[in-house]
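Heads up: the structure comes next, in structure tokens.
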Number of protein chains: 2
Amino acid sequence: MSLRYALLALLRVGPLSGYDLQKQFQVSVGHLWHAPDSQIYPELRKMENDGLVVGEDQTRGERGTRRVYHLTDEGEQDYVRWMESPLSYARVREPANLKAAYLEAASPDAARAFLHEHIRHWSGEVEQWEAELARIDARANPMLMRRLESIDQRDHDRTVAFKRFGYEGLVDRARSEIDWAERGLALIDELYGPENGTAGHA
Amino acid sequence: MSLRYALLALLRVGPLSGYDLQKQFQVSVGHLWHAPDSQIYPELRKMENDGLVVGEDQTRGERGTRRVYHLTDEGEQDYVRWMESPLSYARVREPANLKAAYLEAASPDAARAFLHEHIRHWSGEVEQWEAELARIDARANPMLMRRLESIDQRDHDRTVAFKRFGYEGLVDRARSEIDWAERGLALIDELYGPENGTAGHA
DNA sequence: ATATGCATGTAATCCGTTACATGATTTT
DNA sequence: AAAATCATGTAACGGATTACATGCATAT
């Protein structure tokens, strides 16, 4: 339901082909809202039907074609309307916490493996997002730079600051997941005694 | 995909009718994994087809019936298998962070309203979860008490500790969302100047 | 010539949401 | 007699996942 607004956020920077959009998506806004290309192409067609974008067919070489999408006024308005209106929050559905709440049903080894994997998973996410924060600070994000070129100098700070802010929230969340899992490992040691020597963990 | 394991977690305590299960679900494991009753009844039927539970039809009054579900050995095994095996993590899809990252497209008022609402939302969740933590500590959670009756005394501490642990993670996450949103409000004041007097916020 | 990357999708399935639908039983 | 709550679903739709499918263009 947010996919369309993630795509509009990119197209507000300038026209992009489906392919380029999809590629840029993966390395930018896809960090905030994941979508595979098999979902992006059909969504662009739907957005065209809804008048939010127009697709322009271009030739490529002899017989190749590609479709470049342009934001329409209606698309811009729809985007701003989304930005101005309240978010609807999804109900909680957290498999990791569900599992954690009944961890007495797992062996101590499996419980430890689960928490180590949780830490590994969220550490990987932190790495991704901090790399993105570094690119923002270094002005090394191509879509952000194109966006900055197209807007008033005085709005640069805000654009950069909010982008930072969005990613910082994800980093905070991931760190909180890691802290929690580490407390869980300590809890397991308390409840079952410390991990015994030979059997290494994942 | 976790719904079935949330239901199995409850049925491990003892047999329950679809209705009772659904009611217990909302006030216990539904805090970790939400599902409406319209999803629970069909899922129970599917689980019966898969041999994880058996349904026993009981009469109620003259013509009324209700269906009581019992966990099977296969159901117990399937549950433990899930608990022992690694979780598959969903890709990130965070509408609030997506919106935050492009907040320069909203008016300062809308941006503030968004963050106030974010705080309100997560504060409500914290309240729910802390109430549940209080019920766990006070041994006032009926499903938990029934579970404790059915297991060995020595496992009580673990069962209670892990349940606490699961909910603590949710509280941590919610607090991190609130902190983040508060930093966002400060950021908006910095970028646009402090909120001006008369116009109250949501 | 071959591999990499450009380019665009379809199909099947599953999970979840929302609204709708129905009727019995117990409590006031 | 009416209201609350017990009791169990169906139907339509939408979004996401996974696997599959196809072919052109360009650089090596």
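Just so it is clear, the values below take in all heavy atoms, side chains as well, and ignore hydrogens, waters and symmetry mates. Protein chains get the first letters and strands the later ones, always in sequence-line order, with residue 1 at the start of each.
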Could you give the [atom1]-to-[atom2] distance, from [X] to [N], as a whole number of Å?
| X | N | atom1 | atom2 | value |
| --- | --- | --- | --- | --- |
| Leu21(B) | dC6(D) | CG | P | 14 Å |
| Ile40(A) | dG15(D) | CD1 | P | 15 Å |
| Gln58(A) | dA25(D) | CD | C1' | 15 Å |
| Gln24(B) | dC6(D) | CD | C1' | 14 Å |
| Arg63(B) | dA7(D) | CZ | C1' | 14 Å |
| Tyr89(A) | dG16(C) | OH | C1' | 20 Å |
| Gln26(B) | dC6(D) | CD | C1' | 15 Å |

For the residue pair Trp122(A) and Tyr89(B), does the interplanar ring angle fall in the parallel (under 30°), tilted (30 to 60°) or perpendicular (over 60°) class? perpendicular

Please determine, by modelled atom types, if Thr65(B) and Gln58(B) share a side-chain donor-acceptor pair under 3.5 angstrom. no

Can you confirm whether the side chains of Ser176(A) and Asp179(A) place a donor and an acceptor under 3.5 Å from each other? no

Residue of the set Glu132(B), Gln24(B), Arg135(B) for which side-chain hydrogen bond (donor to acceptor under 3.5 Å, both in side chains) holds with Asn141(B): Glu132(B)

Expected string for nucleotides 2-10 of chain C under the B/S/- scheme (protein heavy atoms, under 4.0 Å, primed atoms plus P, OP1, OP2 as sugar-phosphate) is ----BBBBB

Test Asp50(A) against Arg4(A) for salt bridge (charged side-chain N to carboxylate O under 4.0 Å, His left out), laying out the working first. CA-CA 11 Å; Asp50(A) 295 346; Arg4(A) 131 173 333 207; 3.0 Å; yes

Candidate nucleotides dT25(C), dG16(C), dA16(D), ranked by approach to the side chain of Arg93(B) - the nearest: dA16(D)

Residue whose nearest DNA chain C nucleotide is more 5′ - Arg91(A) or Lys46(B): Lys46(B)

Mind checking whether Phe165(B) and Trp180(A) have ring centres under 6.0 Å apart? yes

